[in-house]
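Below is one structure, written out as structure tokens; the observations come after it.
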Amino acid sequence: MEYNYNEIEKKWRFYWAENKTFKVEIDYNKPKFYVLDMFPYPSGAGLHVGHPLGYIASDIFSRYKRNKGFNVLHPMGYDAYGLPAEQYAIQTGTHPAITTEINIARYREQLDQIGFSFDWDREVRTSDPKYYKWTQWTFIQLFNSWFDIEIEKAASISELISYFEKSGNQNLKAANSYEKEFTAKEWNGFSRKDQQDVLMAYRLAYLADIDVNWCPALGTVLANDEIKDGLSERGGHPVEKRMMKQWSLRISAYAQRLLDGLNHLEWTDSIKEAQRNWIGRSEGASVNFKIKGHEEVLEVFTTRPDTLFGATFMVIAPEHEFMDKITTLEQKEEVEAYVTIAKNRSERERMTEVKNITGKFTGAYGINPLTGTEIPIWTADYVLSGYGTGAIMAVPGHDSRDFAFARHFNLPIIQVVAQVGEEIKPVEEWETSNDAKEGIMVNSDFLNGLDVKEAITTTIKRLEEIKIGYGTINYRLRDAIFSRQRYWGEPFPVYFKDGIAEVLDEKELPLTLPQVDKYLPTENGEPPLARAENWKTKDGYPLETSTMPGFAGSSAYYYRYMDPHNQDEYFSKESNAYWENVDLYMGGDEHATGHLMYARFWSMFLYDLGLTVKEEPFKKLINQGKIQGRSNFVYRVNHEKYAEYFVWEFIKKQGKEDEFEREYRDGHRKFDFYNKKENLIIEIKSQAKLEKLESYYIDYIKDTNKKLLLIPIVDILEFDESLAMEIEKALKDKNEGVVFFNREVRELKPLFVSKNIKDRELFSTPIHVDIDFVHNDILDIEAFKNWREEYADAEFILEEDKYVCSWEVEKMSKSKYNVQNPDALIEKYGADTFRLYEMFLGPIESHKPWDTNGIEGVFRFMKKFWKLYHPVDAFELSEDEPSKEEHKILHQTIKKVQDDIERFSFNTTVSQFMICTNQLTDLKCNKKAILEPLAILISSFAPHIAEELWEKMGHGESIIKTSFPVFMEDYIKENNFDYPVSFNGKMRFKIELPVTLDKAAVEVAVLASPDAQKWLQGNPPKKVIVVLNRIVNVVI
RNA sequence: GCCCGGAUGGUGGAAUUGGUAGACACGUUGGACUUAAAAUCCAAUGACCAUUGCGGUCGUGCGGGUUCAAGUCCCGCUCCGGGUACCA
């Protein structure tokens, strides 16, 4: 009986859907397990083989966990908002919802084909009003919350208001962007507008002026990576910096919690490291510098307060608010010019010109608070307005950028830290600054002799005593801009009343996305939603016209899956108490600092609201590697080069390479070959070119009295005796000033040369060929000819009757003709083989090229596996008691499969299935006692075939409902162990000994063996190491 | 520059705690079956030397080290991939 995968797989797909086999509900009798995939954006291209990699892995784990007795939540949905659909809408007028719907249908079809165990009843889509109602709802909660630093938690705005009413903001510890202080009395005297403005600076979702990349031509704000060389990536329009009112989320308030939380997560170190760097915590001090002749003090942040005695100048960002105030009249013109330039420099320019040191002296002086010294204040764009206070104290002796700046502008440098045992050199001789955060303080008054660490704490203490500074912590993490000037996203539940932003009542949610006539900004640059008719509240107040960004919908979808149809709540308390959070999250590491950061923030906020039982959303994270493309290349011959090569080879063959000169130059003229002795030039060109240049050649020959042989390329490629004779004749001809022609008009056909043909690289260039025409790097010539009209009559230079292509690993992309989509493979081999093969490719985390060559082997295995159950062409299992050996094979496999799945080593699991199948085949084993548990083992990898066999074995329920076989140590216990015996660490022979022997007995037995005698040659060993049931090493 | 990851046969990869390097596959070669092909099965397959057999030497990017024993640990590099960017 044949392994008819198509029929089997169709049957079980239908069965699973029909019986809702994977539907899951809260079940207090079972432990829960939540397996989640990063949900996909449904693009128009559909899935390629890279997408399912993670899905297959998580599906295997889900199925395995179910067999292990867990109640597994394994949902899937769609990140359905996104730019491509909007872009398509702009071009075609098709509503993005329609495009998205079509794409989702295609995704679903493809996903279903692979046999995933998703509970589709829990599907969510971010663009579904029933879903984004809760995205909007969360926004309202963020808007109505502030962050209390005292308790490190979000709290309600109404509490904040009563606090202000009682105590003002002077002693309040809150994450905010409000700079002034006020008393309760002042607060109570503020107008409503003023009060709201203050509150806005405390909200977790707040409106603020943000410097953005505005592209006037596109009428939109662009992300940094949408800008290439100062122009928009799409369309190449100019981009300018512009202040715009944008919604932001105060994620920075959670910096410390986001940092601390990492310690308890089972994520890869690299992702955790990336998040730590992104958060960028630095400990240091805030120090106030008086400015000579001004009342204002300049606050700086430094991680090295210990080096205060080495601060010889200050630098403030060109955007700094004091800029205008402190710049002196004499410097004004120069400084203003500099600031204008600095502000307009794009990020990219700044990046490429890092080594370009620029800056201007403002004319003002700061006063070093410890020494009283006056130090100049400069402005330079290496100081960023967005980090710290936008101002620094420069310590050129111990900071490389300050050092470079000081050298460039000839500013003083003072050494204040010395390395232990270092010979003190005058700073003038230094080539670099000494940035090391260790050493002993020098030239630093009361700090002298302290080490750096002590000096830092001592300095901070002193600063705090004299009230000019304090120890503090700075984070690099910036608040997240939450507005997008786009159509296809969640509308903000916000309206404006008398210029004050207010949120809608929760009862009015969802605020659905309105229809618009075009998906473009309005003529005066407003976002597309401004085109909607009646985009107002029912009281007539205008609604916010921006929409939310992609991460809005994807930051808490994992909670919605717990209770996806709840109309009254985001998700019920009960469902969250049961499912808690995601136990295993599978997805790409490209989301390290985006999605994974926002989702954690969002999750922490919901936790603060008391909605969830866990602060962190994803306990364990596995990053599946990207599947890269494996491109194939054919070598297209450059006819002219090839012909020249050919002639040169001919000349060499005649032994005349000394007589000829290649690439002969006469003045500005260049010819292919020149024979000095015979005064003969040989020029090879296409027929057309030769004809065009004919008169030019004739004139040249007349002037120089040389002989010229013009050969069209075609003649050479169809090289025969006559051409050889022609060259001979030309060489012998004594007439000067002649031109030899050889004319017979024929057409050049495209010519391709196989990879290993000698000197191929001299006359051909590689071009991508569709991988569909290439099997094991051998080109299917007929298919290639049919690919394109221009190749229809192509010719090929073969090696051993084959055309061999070269290959390279590249990104999978249409333009490289290396895209593999799963449908064709599933059609050809079935979903089970496909699943197995994707896993067999290599470790789940590593990036690897897709190569279909190996899939045949997996397919062969599947057929072999099927044959175990169908030994004589029909399903037949024997009830006989298995042999000891058969038991051993089974239990070795149980152990290996279990261990490997637990450590996500799926490629080695597949190997074990192969080993097991090979061994059982060799034993001609078709015993039910072995093959029944084996079907369960493989069911998480190849569910269709497993279900089919399971049913044939007489089971009435899906194999997913059964239990994973129990591993029994006794079955794999051996009486003997085959000891590898090494001499000086090199394995020489093996000896089988009872496992019960102790070390001494093993040593005796080994040394007594004839093999050992041979190596010892009568000498006693220096030492013998015995590791029981592992290895013996003899040192001689 | 900094941070992270990686480098093992012709190819993908295995070796989980320092203990038999190359499991399992692909590919290749030879053979069986067949009128033939496909499919299937069997054998060989790291390199080099030896070959009548037994064997031997080298070998996990490079150079050192620790150890009875190193792909695995330590030190110093090279190359490749990814992230990040004047973060005070």
Side-chain angles (χ1 to χ4, degrees), chain A residues 268-274 276-278 280-282 284 300-304 307 314-315 317 347 350-351 353-357 380-384 386-395 398-402 404-405 474-478 589-590 592-593 623 625-626 628 630 776-777 807 809 837 840-843 845-858 860-861 863-864 867 896 899-900 902-903 905 907-916 918 978-990 1021-1027 1029-1036:
Chain A
T268 59
D269 290 339
S270 68
I271 296 255
K272 288 204 262 191
E273 227 11 67
R276 286 193 188 105
N277 292 341
W278 197 258
R281 179 192 155 105
S282 37
V300 304
F301 173 73
T302 175
T303 53
R304 294 295 300 275
T307 60
M314 301 182 80
V315 186
E347 295 270 328
R350 280 182 159 209
M351 264 163 69
E353 294 171 21
V354 165
K355 286 187 186 75
N356 223 348
I357 296 164
D381 64 3
Y382 82 91
V383 172
L384 308 176
Y387 185 76
T389 60
I392 62 158
M393 63 176 214
V395 184
H398 305 283
D399 179 284
S400 43
R401 285 151 310 158
D402 296 345
F405 196 82
N474 231 303
Y475 299 92
R476 201 184 75 112
L477 184 69
R478 313 271 180 92
D589 54 9
E590 68 272 23
T593 49
N623 300 113
K626 265 200 209 70
Q628 297 148 307
R630 186 184 189 275
N776 289 329
D777 295 333
W807 61 274
V809 173
Y837 184 57
F840 189 56
L841 224 43
E845 308 92 335
S846 56
H847 300 257
K848 49 199 163 277
W850 178 257
D851 185 352
T852 31
N853 290 345
I855 199 167
E856 294 278 351
V858 175
R860 246 169 256 169
F861 156 75
K863 284 190 283 190
K864 204 167 174 180
K867 233 181 141 210
K896 179 84 177 148
D899 291 354
D900 282 1
E902 296 279 0
R903 69 190 175 103
S905 175
N907 55 331
T908 52
T909 319
V910 178
S911 295
Q912 183 59 34
F913 288 135
M914 290 174 170
I915 293 168
C916 173
N918 290 344
D978 206 13
Y979 276 96
V981 179
S982 303
F983 285 78
N984 292 341
K986 203 137 219 134
M987 210 279 283
R988 295 303 179 182
F989 64 89
K990 287 186 186 174
K1022 279 190 193 147
K1023 197 174 179 185
V1024 180
I1025 288 105
V1026 178
V1027 183
N1029 297 323
R1030 254 236 156 121
I1031 198 168
V1032 176
N1033 190 20
V1034 182
V1035 187
I1036 50 173

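Each chain gets a letter, A, B and so on, in the order the sequences are listed, and its residues count up from 1. Just so you know, these numbers use all the heavy atoms, side chains as well, and skip hydrogens, waters and symmetry mates.
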* Asked: Tell me: NZ of A:K986 to C1' of B:A70, nearest whole Å?
  -> 12 Å
* Mind calculating the distance between NZ (A:K626) and C1' (B:G5) to the nearest angstrom? => 13 Å
* Kindly say whether, by distance alone, the side chain of A:K863 makes a donor-acceptor pair under 3.5 Å with the base of B:U40? => no
* A:L477 CG to B:A85 P: how many Å, rounded? -> 13 Å
* To do: Quickly work out the A:F405 CZ to B:A88 P distance and round it to whole Å.
  => 18 Å
* Asked: Could you give the CG-to-P distance, from A:N277 to B:G82, as a whole number of Å?
  -> 18 Å
* To do: Starting at NZ of A:K1022, measure out to CG of A:N984 and round the result to the nearest 0.5 Å.
  => 7.5 Å
* Asked: Any idea how A:Y387 and A:F301 line up, ring-wise: parallel (<30°), tilted (30 to 60°), or perpendicular (>60°)?
  -> perpendicular
* Less than 3.5 Å between a donor and an acceptor, one on the side chain of A:N918 and one on the base of B:C24, is that the case here? -> no
* **Rounded distance (Å) that lies between atom C1' of B:U67 and atom CG of A:N984** => 13 Å
* Does A:K848 use its side chain to pair, donor to acceptor, with the backbone of A:P843 at less than 3.5 Å? -> yes
* Would you kindly compare A:R988 and A:I855 by the position of their nearest RNA chain B nucleotide and give the one closer to the 5′ end? => A:I855
* Asked: For A:D402 and A:M393, what are the C-alpha separation, side-chain angles and deciding distance, and is it a side chain to side chain contact (heavy atoms under 4.5 Å, CB included)?
  -> CA-CA 9 Å; A:D402 296 345; A:M393 63 176 214; over 6 Å; no
* Have a look at A:S282 and say if it touches a base, only the backbone sugar-phosphate, or nothing, with a 4.0 Å heavy-atom cut-off. => sugar-phosphate
* Classify every nucleotide of nucleotides 7-19 of chain B by which part a protein heavy atom approaches to under 4.0 Å, writing B for the base, S for the sugar-phosphate alone and - for neither, in 5'-to-3' order. => -----BSSSB--B
* Asked: Quick one: is B:C26 close enough that its OP1 or OP2 comes under 4.0 Å of any side-chain N or O from A:R860?
  -> yes
* Which whole-number value in Å describes the distance from A:Y387 OH to B:C87 C1'? -> 5 Å
* Modelled atom types, side-chain donor and acceptor of A:K1023 and A:N1033, under 3.5 Å -> no
* Structure fact -> Annotated structure of RNA chain B as dot-bracket, pair cut-off 3.5 Å, Watson-Crick or G-U only, | for inter-strand, is (((((((..(((......[....)))((((((.......))))))((((.....))))..(((((..]....))))))))))))....
* Should the pair A:F861 and A:F913 be assigned to parallel (<30°), tilted (30 to 60°) or perpendicular (>60°) ring geometry? -> parallel
* So what does A:R281 hit on the nucleic acid, given a heavy-atom distance under 4.0 Å: a base, only sugar-phosphate, or nothing? -> nothing
* Electrostatic pair A:R903-A:D900, nearest N-O below 4.0 angstrom -> yes
* To do: Could you tell me whether a side-chain N or O of A:Y979 sits under 3.5 Å from a main-chain N or O of A:N1029, the two making a donor and an acceptor?
  => yes
